[in-house]
Amino acid sequence: MRTDGFRGKDFITLLDWTQEEVEAILDVATDLKRRRAQGEDHRHLLPSKTLFMIFYNDSIRTRNSFEAGMTQLGGHAHYLDTGGKMYMPALPGDEIAYTTERVSDVARVLSRMGEGIAIRCYGDPVKWVYGRANEMIRNFAYWADIPVLNMEDDKYHPFQALADILTVREKFGAFKGVKFVMSWAYSASVHKPRAVPQSAIIAASMMGCETVLCRPPEMELDPEVLAACNQYAEMNRTTFTVTDDFENAFEGAHVVYPKAWAPYVFFKPPVGEDSEEKAQAINQQYKDWICTKDIMETAAKDAIYMHCLPADRTQEVTDEVIDKTEGPGWRSVVFDEAENRLHVQKAVMNLVMR
Ligand code: CP
């Protein structure tokens, strides 16, 4: 398909993009990855362009893949740390005199200086008001004249999802017939957003995987996301299933993707009860939701273990599962998945920031 129309578009959630457009992004990512492996220089693609990256939360993969990606494309990624020396962009209602600056002003200032604004914001900076971070990113996009890229908010982590499905396509060659199981797994921390599981099930169902969401009832995800997954499953004549049966969910799975997210009681009302105590107590009930070798043995022979990282080893997953990156049978592809962040982000930046 023609990709000229991608120029100037924001990248906030895969729900804003069609299946055909996402396939086109994956094709560009695959092409850039192959060409770079052959030693091709891509600095002519975004020469002298600047991506402003605003981080409200920590990161290893996201920051470094965007920085490396912009360097490889000939541009520069500028890191802005909201915990450091900058006025924190804020929405009306969250403003503090001479400490924050209204999002509408920051967006218009940065639009005069660079070619893209990327934002990571979820959790504590928006006081666990579910959807507030996504609202802020949408507000940036409303005011900015340049593309706004979502580096993870409280609803979506679209670049992680792109990297996930690129990895699935590399390993299985297609999506049809691939059983993709996204599951909750235990963590001692309840401070984890829903962005990764929500984006993963959106991506898997959009692309036509037989998608399964496995979670304790207290870890239910956004009903709007579940509705979208049902629609994609119908569109692709496949299935989207929700279960709380951790032991049996992985039977015959090709993709095993267990990770923790916060119980809904942890969020502020009306979604939750703003109770860390209750959330911790709920998590403790599910300490046996850990991905072990025995779980992997129930999956398909060629199954892949996926995780966005960072993983809570010995809680979400055992070392012997996450570290089995080669050999016969099932294996962990977490480092391929992390590397693919670089390639999919280069593809999107190249398509929207030109
Ligand atoms: N997967 C992911 O987004 O990693 P970081 O939190 O390290 O950026």
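Side chains included, hydrogens not; waters and symmetry mates left out as well; all remaining heavy atoms used. Every value quoted in this text rests on a predicted model; they were computed, and no experiment measured them. Numbers for residues simply follow the sequence, beginning at 1. Counting starts at 1 for both ligands and their atoms, following the listed order.
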Quick one: sort the His307 and Tyr257 rings into parallel, tilted or perpendicular, breaks at 30° and 60°.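 Ring orientation, 0 to 90° scale: tilted.
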Hey, what's the ring geometry for Phe11 with Phe159, parallel, tilted or perpendicular (30° and 60° as the breaks)? tilted
Give one line per pair: atom of ligand 1, protein atom, distance. Only N/O to N/O under 3.5 Å.
residue	atom	partner	partner atom	Å
ligand 1	1 (N)	Gln160	OE1	3.0
ligand 1	1 (N)	Cys308	O	3.0
ligand 1	1 (N)	Leu309	O	2.9
ligand 1	3 (O)	Thr62	OG1	3.1
ligand 1	3 (O)	Arg120	NH2	2.9
ligand 1	3 (O)	His157	NE2	2.8
ligand 1	3 (O)	Arg341	NH1	3.1
ligand 1	4 (O)	Arg61	NE	2.9
ligand 1	4 (O)	Leu309	O	3.4
ligand 1	6 (O)	Arg120	NH1	2.9
ligand 1	7 (O)	Ile60	N	2.7
ligand 1	7 (O)	Arg61	N	2.9
ligand 1	7 (O)	Arg61	NE	3.2
ligand 1	7 (O)	Arg61	NH2	2.9
ligand 1	8 (O)	Ser59	OG	2.7
ligand 1	8 (O)	Thr62	N	2.9
ligand 1	8 (O)	Thr62	OG1	2.6
ligand 1	8 (O)	Arg120	NH1	3.3
ligand 1	8 (O)	Arg120	NH2	3.2

Any side-chain donor paired with an acceptor under 3.5 Å for Lys33 and Asn340?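 Distance-only check passes for Lys33 and Asn340.
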Cut-off 3.5 Å, side chains only: do Asp41 and Gln72 have a donor facing an acceptor?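 The criterion, which ignores hydrogens and geometry beyond distance, is not satisfied for Gln72 and Asp41.
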Please list, chain by chain and in numerical order, all residues satisfying salt bridge (Lys or Arg N to Asp or Glu O under 4.0 Å) with Lys287, sequence neighbours excluded. none
Go through the steps for Thr239 and Glu210 under the test side chain to side chain donor-acceptor pair (under 3.5 Å), then give the verdict. CA-CA 5 Å; Thr239 53; Glu210 185 191 319; 4.6 Å; no
